Amino acid sequence: MTQVETAPSNFIRNIIDSDLETGKHQAIQTRFPPEPNGYLHIGHAKSICLNFGLALDYPQSACNLRFDDTNPLKEDADYVAAIEEDVRWLGFKWAGDIHYSSNYFDQLYAYAVELIENNKAYVCELNAEQTREYRGTLTSAGKDSPFRDRPTAESLDLFARMRAGEFAEGSMMLRAKIDMTSPNMKMRDPVIYRIRFAHHHQTADQWCIYPMYDFTHCISDAIEGITHSLCTLEFEDHRPLYDWVLANISIECKPRQIEFSRLNLQYTLTSKRKLNALIEENIVTAWNDPRMPTISGMRRRGYPAAALREFCKRIGVTKQENTVELASLEACVREDLEANGPRAMAVLDPVKVIITNYDQNTTEQLTAPAHPKDESMGSRTLPFSRELFIDRADFREEANKKYKRLVLGKEVRLRNAYVIKAEQVIKDESGNITEIHCSYDPETLGKNPSDGRKVKGVIHWVDAASNKPAEFRIYERLFLVENPAAAEDIHQALNPESLVVKQGFVELGLVDAQAEKSYQFEREGYFCADSKDSTAEHLVFNRTVALRDSWAG
RNA sequence: UGGGAUAUCGCCAAGCGGUAAGGCACCGGGUUUUGAUCUCGGCAUUCAGAGGUUCAAAUCCUCUUAUCCCAGCCA
């Protein structure tokens, strides 16, 4: 990663700068702590870029990848693998080995025992419903559990037997003894251990009790020597608890939790639960469906990792609720692809053009640059013969001046080739155009007509005799409403045209287009071969994003 | 009078008492064998509102308003 990618300042950097200045820390240690219960999405990308980016920018600093895996019911090893791949693909390296909260289960258990010994935790036998009742409400205090003052020795014994598997799920839990009247609900004797006879993807069947997030996260941070523990705004209320746990156990390290606002993107869902529902209901095909805002979906769609990083840099990090426009993300994608995508031509909705004055038995090998501004990208060869395909939208029998394409009786430039003139239209019995007969000006290859005629339009084409058929998947936003998360019925918010498949042709050289390698199909947009479905026999291209189109007509 | 947080251009976002950065979007001009790119120019006398302190306030104080989060044995 280059210096250019260094993110601008933000309030977290200001805090770190100050901590470094005062000597509180000599370097920083951050962590990206996903729960392996789904795939990472664009919102996680923000957190990844923040945490790993900080570690990259401050000397001697590092960022851990830690799976926050304390709920075996929702987690899976497959998600662990997918998350690792996504972080790596985004371009980041974690410090040392991958960490798991479950690595610390023994220590966590010991700290829990310590809490009980110090009369700071107790085993509670209230059931779920009672627990809720005793907790009180937002505006009224809770009341103490009848088990709150049971003897330490009894809690110690019960907790050991919970671990030994003597009690049923839900029959007992370990609670921190804090304050049932706290105005902060999170401080009303929060549950810190529950019984779950569940198989864990990392620890198998070693445990039947699992620690809760609030107890686990702060201790895991402390164990790893995290200096700044960055999380999203909804955890602000948890911070007093985070600090309380670390203050009440014998651990030296006291990381500082800092909250920032999560990313909301227009027309996009950023909730693992809701994204999972889209898959369950077959609204999309998988976590990596190119319409998904997941890192793997965007990768398959053709979004470059650098574009995602740039996007995260541009949106900044603050505590303000925000909803970023899709245009902002797309601008980053286009900017990267404009510079890095080799040019090619593809006709998505073909109609045949016959050049009547071109020799039937000739095929020319024209040359075209791979990039109009970057010679280092080389060139490609374009076969050109009597019959070609152009896009149906690029021809009209009649049109006004604003239409800069092929019009009957008028001329247009074939990109990288000759100027042609439409002479005649052939239609089938139902009136559909089947062929456009044209003439070409042999003196216009690589130069303008010598008589000074102005030909303003340029259209793309593919040779009819030597192309490759291809399928094009045209993606649009998955939802029609700006905030699908707020939709009463998600199905009503769906865009029925989020995927439109077209059959057409690409220039010959694209046969061996590598999956996920981006091309600009001139005048159409950026495309890449689909990593799952494209083969040399059946090419499938995903449209990453269309070209910017400022044409009002 | 539950608690916690946030309010700067359509969307993000700098700014940290000295007289409103930048990006995206948008609107105009130029170049162009991609209606792309590139390029030039425009785009907040004003910082949620009202008071106050100060020579000076988006920045400090007071009050008001709006929005978000918290009552999982989820994270």
Side-chain angles (χ1 to χ4, degrees), chain A residues 8-10 14 33-35 37 68-71 73-75 124 126-128 131-133 135-142 169-175 182-188 190-196 210 212-214 216-217 231-240 259 261 263 266 272-273 310-311 313-332 334-335 338-339 343 345 368 371-373 402-405 412-417 419 444 446-448 455-460 520-525 546-553:
Chain A
S9 185
N10 58 52
N14 292 343
E35 182 187 15
N37 66 343
D68 216 342
D69 55 347
T70 57
N71 187 357
L73 261 28
K74 294 188 174 175
E75 298 156 8
C124 180
L126 253 25
N127 63 33
T131 305
R132 197 182 326 119
E133 282 164 12
R135 188 153 35 222
T137 71
L138 293 177
T139 51
S140 63
E169 283 184 11
S171 64
M172 285 183 195
M173 57 191 166
L174 185 68
R175 293 231 251 169
S182 172
N184 180 348
M185 300 294 289
K186 298 296 173 201
M187 298 298 271
R188 321 245 259 228
V191 177
I192 58 179
Y193 260 95
R194 78 287 216 187
I195 299 171
R196 284 264 187 287
Y210 291 94
M212 299 285 288
Y213 166 85
D214 287 304
T216 309
H217 204 91
C231 63
T232 44
L233 249 32
E234 64 269 29
F235 291 98
E236 271 173 326
D237 287 346
H238 298 238
R239 189 173 358 113
E259 312 84 13
S261 54
L263 164 69
Q266 277 187 344
K272 280 193 262 185
R273 205 194 96 247
E310 173 64 20
F311 174 68
K313 177 177 139 190
R314 290 185 191 181
I315 60 175
V317 179
T318 68
K319 291 174 79 94
Q320 281 159 51
E321 295 287 342
N322 62 83
T323 302
V324 176
E325 291 175 340
L326 220 42
S328 188
L329 209 209
E330 292 178 341
C332 295
R334 290 196 184 101
E335 186 178 294
E338 156 63 28
R343 270 67 217 232
M345 291 196 284
H371 190 112
K373 293 182 176 175
K402 296 189 110 181
Y403 185 79
K404 303 203 301 178
R405 310 179 193 180
V412 80
R413 156 79 61 184
L414 287 179
R415 177 74 167 155
N416 296 127
V419 167
T444 53
K447 55 188 179 199
N448 288 321
V455 178
K456 47 190 184 324
V458 180
I459 63 173
H460 56 99
Q520 184 195 104
F521 289 171
E522 289 187 296
R523 301 212 315 127
E524 289 288 356
L547 249 31
R548 230 178 116 245
D549 185 6
S550 55
W551 186 41

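Proteins come first, then strands; the chains are lettered A, B, ... in the order of their sequence lines, and each starts at number 1. Here the structure is a predicted model, which is why all the values come from computation and not from measurement.
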Starting at atom [atom1] of [X], determine the distance to atom [atom2] of [N], rounded to an integer number of angstrom.
{"X": "Arg194(A)", "N": "rG72(B)", "atom1": "CZ", "atom2": "P", "answer": "14 Å"}
{"X": "Glu310(A)", "N": "rC12(B)", "atom1": "CD", "atom2": "P", "answer": "18 Å"}
{"X": "Asn322(A)", "N": "rA7(B)", "atom1": "CG", "atom2": "P", "answer": "11 Å"}
{"X": "Asn71(A)", "N": "rC74(B)", "atom1": "CG", "atom2": "P", "answer": "6 Å"}
{"X": "Glu330(A)", "N": "rA36(B)", "atom1": "CD", "atom2": "C1'", "answer": "15 Å"}
{"X": "Met185(A)", "N": "rC73(B)", "atom1": "CE", "atom2": "P", "answer": "10 Å"}
{"X": "Leu263(A)", "N": "rC11(B)", "atom1": "CG", "atom2": "P", "answer": "16 Å"}
{"X": "Phe311(A)", "N": "rA13(B)", "atom1": "CZ", "atom2": "P", "answer": "11 Å"}

Check this for me: does the side-chain of Gln520(A) come within 3.5 Å of the base of rU34(B) through a donor and an acceptor?
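It does, because a donor-acceptor pair links the side chain of Gln520(A) to the base of rU34(B) below 3.5 Å.
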Would you kindly check whether a donor in the side chain of Lys373(A) faces an acceptor in the base of rU37(B), or vice versa, at under 3.5 angstrom?
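Check passes, donor-acceptor contact within cut-off.
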Distance test, side-chain N/O of [X] to OP1/OP2 of [N], below 4.0 Å:
{"X": "Arg196(A)", "N": "rC74(B)", "answer": "yes"}
{"X": "Arg548(A)", "N": "rU37(B)", "answer": "yes"}
{"X": "Arg175(A)", "N": "rC73(B)", "answer": "no"}
{"X": "Ser550(A)", "N": "rA36(B)", "answer": "yes"}
{"X": "Thr318(A)", "N": "rA13(B)", "answer": "yes"}
{"X": "Arg135(A)", "N": "rG2(B)", "answer": "no"}
{"X": "Thr70(A)", "N": "rA75(B)", "answer": "yes"}
{"X": "Gln320(A)", "N": "rC12(B)", "answer": "no"}

Sugar-phosphate only, base, or nothing, as touched by [X] at under 4.0 Å among non-hydrogen atoms:
{"X": "Met345(A)", "value": "nothing"}
{"X": "Asp214(A)", "value": "nothing"}
{"X": "Ile192(A)", "value": "nothing"}
{"X": "Asn37(A)", "value": "nothing"}
{"X": "Ala128(A)", "value": "base"}
{"X": "Arg413(A)", "value": "base"}
{"X": "Val412(A)", "value": "nothing"}
{"X": "Arg188(A)", "value": "nothing"}
{"X": "Asp237(A)", "value": "base"}
{"X": "Ser140(A)", "value": "nothing"}
{"X": "Ser328(A)", "value": "sugar-phosphate"}
{"X": "Ile315(A)", "value": "sugar-phosphate"}
{"X": "Gly446(A)", "value": "base"}
{"X": "Lys272(A)", "value": "nothing"}

Candidates Glu75(A), Arg273(A), Lys272(A) - the one meeting side-chain hydrogen bond (donor to acceptor under 3.5 Å, both in side chains) with Asn37(A)
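Answer after filtering Glu75(A), Arg273(A), Lys272(A): Lys272(A).
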Taking the same atom, [atom1], in [N] and in [M], what whole-Å distance lies between them?
{"N": "rU46(B)", "M": "rA20(B)", "atom1": "P", "value": "11 Å"}
{"N": "rG17(B)", "M": "rG28(B)", "atom1": "C1'", "value": "39 Å"}
{"N": "rA57(B)", "M": "rG72(B)", "atom1": "P", "value": "48 Å"}
{"N": "rC73(B)", "M": "rU67(B)", "atom1": "C1'", "value": "32 Å"}
{"N": "rA58(B)", "M": "rG15(B)", "atom1": "C1'", "value": "8 Å"}
{"N": "rC40(B)", "M": "rA50(B)", "atom1": "C1'", "value": "43 Å"}
{"N": "rC9(B)", "M": "rA14(B)", "atom1": "P", "value": "13 Å"}
{"N": "rA25(B)", "M": "rC11(B)", "atom1": "P", "value": "15 Å"}

Identify whether a stacking contact exists between Tyr213(A) and rA75(B), where the ring centres must be under 5.5 Å apart and the planes under 30° apart.
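No, the aromatic ring of Tyr213(A) does not stack with the base.
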Between Glu335(A) and Arg314(A), does a salt bridge (charged side-chain N to carboxylate O under 4.0 Å, His left out) hold up when you go through it step by step?
CA-CA 13 Å; Glu335(A) 186 178 294; Arg314(A) 290 185 191 181; 2.8 Å; yes
Is there a donor-acceptor pair closer than 3.5 Å between any side-chain N or O of Arg334(A) and the backbone N or O of Ala546(A)?
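Between the backbone of Ala546(A) and the side chain of Arg334(A) there is a qualifying donor-acceptor contact (under 3.5 Å).
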Can you tell me which nucleotide in rA36(B), rG35(B), rG2(B) comes closest to the side chain of Leu547(A)?
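Comparing rA36(B), rG35(B), rG2(B) against the side chain of Leu547(A), the answer is rA36(B).
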Would you mind telling me which of rC74(B), rC73(B), rG35(B) lies closest to the side-chain atoms of Val458(A)?
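Of the candidates, rG35(B) comes closest.
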What I want to check is whether the side chains of Asp68(A) and Thr216(A) have a donor and an acceptor closer together than 3.5 Å.
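No, Thr216(A) and Asp68(A) have no side-chain donor paired with an acceptor closer than 3.5 Å.
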Hunt down the Watson-Crick or G-U wobble partner of [N], both distances under 3.5 Å, from any strand shown, or write none.
{"N": "rG17(B)", "answer": "none"}
{"N": "rC74(B)", "answer": "none"}
{"N": "rU6(B)", "answer": "rA66(B)"}
{"N": "rC26(B)", "answer": "rG42(B)"}

Applying side chain to side chain contact (heavy atoms under 4.5 Å, CB included) to Met173(A) and Thr131(A), what does each step give before you reach the verdict?
CA-CA 10 Å; Met173(A) 57 191 166; Thr131(A) 305; 3.2 Å; yes
Under-4.0 Å salt bridge between Arg239(A) and Glu259(A):
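Result for this pair is yes, salt bridge flagged.
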Flag the pair Glu236(A) and Lys319(A) as a salt bridge only when some basic side-chain nitrogen lies within less than 4.0 angstrom of an acidic carboxylate oxygen.
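Lys319(A) and Glu236(A): salt-bridged.
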Glycosidic class, syn or anti, of rG22(B) using a 90° window around 0:
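For rG22(B), whose glycosidic angle is more than 90° from 0, the conformation is anti.
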Parallel, tilted or perpendicular: which one describes the rings of Tyr213(A) and Phe235(A), with boundaries at 30° and 60°?
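It falls in the tilted class, 30° to 60°.
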Arg413(A)/Asn448(A) under side chain to side chain contact (heavy atoms under 4.5 Å, CB included): CA gap, chis, key distance, verdict:
CA-CA 9 Å; Arg413(A) 156 79 61 184; Asn448(A) 288 321; 3.9 Å; yes
Could you go through the side chain to side chain contact (heavy atoms under 4.5 Å, CB included) check for Tyr210(A) and Leu73(A) one step at a time?
CA-CA 11 Å; Tyr210(A) 291 94; Leu73(A) 261 28; over 6 Å; no
